[in-house]
Colleague: 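Here it is: the structure, laid out below.
Lettering of chains follows the sequences in order, A, B, ..., and the numbering in each one begins at 1.
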Amino acid sequence: MEPYYYTLESLIKIVVVVTVLMLGVAYLTLIERKFLGFLQVRLGPNRVGFWGLLQPIADGIKSFVKEDIIPDNADKTVYVIAPMITFVTAISMFAVIPFGDSFTLFGRNIKLVIADIDIGLLYIFALGTLGEYGVVLGGWASSNKYAVLGSLRAAAQMISYEVALGLILIGTIILAGSLRLTEIVEAQRNGWFILYQPFAFLLYLVASLAEINRTPFDMPESESELACGFNVEYSSMKFALFMIAEYAHLVTVAALTITLFFGGWLGPFLPGPIWFIGKTLVMIFILIWIRGTYPRMRYDHIMKLGWKFLFPAALANVVITALFVALR
Amino acid sequence: MTNYIPVLIIIIFAFLIAALIVGASSILGHKISKKTKLDTYECGMKTIGPTRMKMNIRYYLTAMLFLIFDIEVMFLYPWALVTGNLGMFGFLEMLVFVIILLVGYVYVWKKGALEWE
C-alpha cells in the first residue's frame, strides 16, 4: 500500500503545484506588462476587466482560436515537438524546489517539495540544458533564416553561460555540503548564503538572466533585427507554449535564486509557503525591473562577458570560498 | 530510488498538458490557410537560397569549448560536496586541478578562440 499512497501524494502535489505555476505564469505576463508600463510612464493593459485583470484569459482564448500554421518547408515532426520539449522541461524543473517545511497529515509526514532527490541541483542543470533543445530544434525545424540565426545564437549563448553558472554555484555547494535543495535550505538557518556569497549572487543573477534569454541578453529574440528569432514561424498555442515556458523558466530561476541565496522558505512567524511565494515575487520584480532598465547588449559583448569575465570570476570565487572553508 | 518517481510523474504530466494544448489549438483554431500563407516568412519577399544556411565556425568552436569546460566544472562537483571535511589537503588538491584548468583557459584565450569580431 505504501508505494500507492506515495504515488497518490506526489500526484496531488504535482497537480497543485503545476496549476499554481500555470496560473502564476498567466498572471506574470500581466504583472510584467503592467510593471513595464509603469516604468515607461504609461498604463499597460487596462481594458479587459478591472485593471486589466482578465487580460491573461483573453490572451489565452485568443491563442487557442488562432490559426495553427505549419510552414511547408518545415520539418513537421520536430516543428511540433520543439515547443513541447521547452514546455515540459520548464515545468518539470520546478519539481525539486522545496516550498515549505514538512507537516503531518493523517499520520503521514508530507514534505512540501515534489521530488526530494539527492542530486537536485544537477537535475535543474540537466533540464536547463535539455530545454535548449526545444529552442534550437524549433528554430532549425522552422526552416527560416531568422529562426535559424536566432536558434544558433540561443544555443551558443546558453551553453556559454551554463559553464559559468555551474561554476558559480560550486561556492554554494561547498557551504551547504549537499546538492539536495532541501538540505541547502536547512543549511541557511543560521544565515542566508547571500551573506557568505554576495559576489556569487551577483554573478549568478547575470548568468541566469543570460541562461533564460531575458533582457539585457535577449539575443535569440532580438525583435529589431531577427523579427523575434527562433519562434518567428510559430503561431497559436505552439507560440504560446514557448512563451509559457519562458515565463515558467523565469519563475523557476527566481525560486532557485531565493532557495540558494535567500534561505528559501525559511522565515519567522508566517508559514513556509507564504515566505517562499513572497520572496519569489520580490525576485521576479527585480528581474522585470532589470528588463525595464537595461538596453540589449551586443552579441560579441555577451560572449565576451560570459567567457572572459564570468568564468574567471566564478573560478576565483570557488577558490576563495574553498580557502575560507579549509582555514575554518 | 522512490524519490525519483515524482520526477517521472511530473514529466509525463507536463507532457500530457503540452500535448493537450497543442491538440486543442489545432482543433479549435481557424483553418483558412492558403498556399502562400504556408511559405517561409521573410518580410514579404521570396526567400533567396537555402534557409538552413552555413553557420559561422565560431558557434562550432564555442560548442567544443563548452564541452571541455563544462566537463571540467562537473569534476569539481564531487569535490565541492566533501571539501568541508577534507580541510587544507582538499583545498590544495583542488588548487592543482584549477591551475591545470587555468592553463587550458589561458591557452584558448591566447589562441583567440574566445574572440567574436
Side-chain angles (χ1 to χ4, degrees), chain A residues 3 6-7 10-11 14 18 63-69 71-73 80 84 87-88 91-92 95 114-117 123 140 143-145 148 152 155-156 159-160 162-163 166-167 170 173-174 177-179 227 232-233 236-238 241 299-300 303-304 307-308 311 315 318-319 322-323 325-326, chain B residues 2-7 9-11 13-15 17-19 21-22 24-26 28-33 37-43 47 51-53 55 58-59 62-63 65-66 69-70 73-74 76-77 80-84 86-88 90-91 94-95 98 101-102 105 109 114 116-117:
Chain A
Y6 181 71
T7 313
S10 40
L11 198 62
I14 286 167
V18 171
S63 300
F64 264 113
V65 297
K66 284 284 176 186
E67 185 174 354
D68 194 15
I69 294 175
D72 276 340
N73 289 336
V80 175
M84 290 161 84
F87 177 82
V88 170
I91 296 287
S92 314
I114 291 173
D116 189 19
I117 57 179
Y123 170 83
W140 185 255
S143 181
N144 178 310
K145 283 178 184 170
V148 173
L152 272 177
I159 60 178
S160 295
E162 207 169 275
V163 177
L167 207 49
I170 288 180
I173 299 166
I174 293 174
S178 173
L179 289 170
V232 65
E233 288 281 10
S236 81
M237 272 321 264
K238 289 205 198 72
L241 275 188
Y299 194 70
D300 56 336
M303 300 306 273
K304 202 168 141 189
W307 284 104
K308 292 188 178 173
F311 184 78
L315 206 57
V318 170
V319 172
L323 182 63
V325 171
Chain B
T2 48
N3 284 340
Y4 288 83
I5 294 174
V7 173
I9 298 176
I10 196 172
I11 288 174
F13 187 71
F15 187 77
I17 294 179
I21 289 175
V22 169
S25 84
S26 73
L28 291 174
H30 287 264
K31 289 180 195 65
I32 39 174
S33 267
K37 212 177 199 177
L38 299 176
D39 279 352
T40 299
Y41 160 75
E42 197 163 344
C43 302
T47 312
T51 44
R52 289 168 187 147
M53 47 207 171
M55 58 174 175
R58 305 234 163 262
Y59 290 109
T62 308
L65 291 180
F66 162 72
F69 283 106
D70 209 38
V73 167
M74 281 304 141
L76 284 173
Y77 269 69
L81 284 175
V82 292
T83 191
L86 292 180
M88 213 53 194
F91 174 70
M94 188 276 296
L95 209 57
V98 167
L101 201 161
L102 269 181
Y105 177 71
W109 189 328
L114 304 179
W116 288 73
E117 65 270 342

Colleague: Checking A:Phe64 against chain B: side chain, backbone, both or neither under 4.5 Å from a heavy atom?
Modeller: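 For A:Phe64, heavy atoms of backbone and side chain both lie under 4.5 Å from chain B.
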
Colleague: Heavy atoms only: give me the nearest A:Met84-A:Val80 pair and the separation to one decimal.
Modeller: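 For A:Met84 versus A:Val80, the nearest heavy atoms are SD-O, 3.6 Å.
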
Colleague: What are the two closest non-hydrogen atoms of A:Ala156 and B:Thr62, and how far apart are they?
Modeller: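 So the two residues come closest at O-CG2, 4.1 Å.
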
Colleague: Quick check for you: among B:Ile9, B:Ile21, B:Ile11, B:Leu65, which has the greatest number of heavy-atom pairs under 4.5 Å with chain A?
Modeller: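 Heavy-atom pairs under 4.5 Å are most numerous for B:Ile21.
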
Colleague: Looking only at heavy atoms and a cut-off of under 4.5 Å, which of B:Ala24, B:Ala14, B:Gly90 has the most pairs with chain A?
Modeller: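 The option with the most such pairs is B:Ala14.
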
Colleague: Would you give the length of the straight line joining atom NZ of A:Lys66 to atom OG of B:Ser25, rounded to the nearest 0.5 angstrom?
Modeller: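 Here the rounded value is 12.5 Å.
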
Colleague: In terms of heavy-atom proximity below 4.5 Å to chain B, should A:Ser10 be classed as side chain, backbone, both, or neither?
Modeller: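 Looking at A:Ser10, just its side chain touches chain B.
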
Colleague: Parallel, tilted or perpendicular: which describes the rings of B:Tyr105 and B:Phe69, with under 30° parallel and over 60° perpendicular?
Modeller: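 It falls in the perpendicular class, over 60°.
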
Colleague: Counting only heavy atoms closer than 4.5 Å, note whether B:Met94 contacts chain A via side chain, backbone, both or neither.
Modeller: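 Just the side chain, heavy atoms under 4.5 Å.
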
Colleague: Is the CZ atom of B:Phe15 crowded by more than 12 outside heavy atoms at less than 6.0 Å?
Modeller: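 No, CZ of B:Phe15 has 12 or fewer neighbouring heavy atoms, counting only those of other groups under 6.0 Å.
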
Colleague: Which residues satisfy the salt bridge (charged side-chain N to carboxylate O under 4.0 Å, His left out) test with B:Asp70, sequence neighbours excluded?
Modeller: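 Scan of B:Asp70 (salt bridge (charged side-chain N to carboxylate O under 4.0 Å, His left out), adjacent residues dropped) gives none.
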
Colleague: Please flag which part of A:Val18 lies under 4.5 Å from any non-hydrogen atom of chain B: side chain, backbone, both or neither.
Modeller: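 Contact with chain B is through the side chain of A:Val18 alone.
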
Colleague: Examine whether an atom of A:Val319 lies under 4.5 Å from a heavy atom of chain B, and if so say whether it belongs to the side chain, the backbone or both; otherwise answer neither.
Modeller: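 Backbone plus side chain of A:Val319, per the 4.5 Å heavy-atom cut-off to chain B.
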
Colleague: Pick one of side chain, backbone, both or neither for A:Lys304, based on which atoms fall under 4.5 Å of a heavy atom in chain B.
Modeller: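 Contact with chain B: none, neither part.
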
Colleague: Heavy-atom pairs under 4.5 Å with chain A: which of B:Leu81, B:Leu95, B:Ile17 has the most?
Modeller: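 Highest number of heavy-atom pairs under 4.5 Å: B:Leu81.
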
Colleague: Where is the tightest heavy-atom contact between A:Trp307 and A:Ser160, given as atom of each residue plus distance?
Modeller: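 Of all heavy-atom pairs spanning A:Trp307 and A:Ser160, the closest is NE1-OG, 3.0 Å.
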
Colleague: My understanding is that only residues two or more places apart in sequence, or in another chain, count here; which of them pass side-chain contact (heavy atoms from CB on, under 4.5 Å) with B:Ala80?
Modeller: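 B:Ala80 satisfies side-chain contact (heavy atoms from CB on, under 4.5 Å) with A:Ile170, A:Ile173, A:Ile174 only.
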
Colleague: Which of the residues A:Ile159, A:Val65, A:Val318 is involved in the greatest number of heavy-atom pairs with chain B at under 4.5 angstrom?
Modeller: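 Heavy-atom pairs under 4.5 Å are most numerous for A:Ile159.
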
Colleague: Could you tell me which portion of A:Leu241 (side chain, backbone, both or neither) has an atom closer than 4.5 angstrom to a non-hydrogen atom of chain B?
Modeller: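 Interface part for A:Leu241: side chain.
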
Colleague: What is the minimum heavy-atom distance between A:Gly166 and B:Tyr77, and which atoms define it?
Modeller: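 Nearest pair, atom of A:Gly166 first, then B:Tyr77: O-OH, 2.9 Å.
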
Colleague: Is B:Leu86 close to chain A through its backbone or its side chain, or both, or neither, when contacts mean heavy atoms under 4.5 Å?
Modeller: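 Interface part for B:Leu86: neither.
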
Colleague: I'd like to know which of A:Leu152, A:Val325, A:Leu315 tops the heavy-atom pair count under 4.5 Å against chain B.
Modeller: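 It is A:Leu152.
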
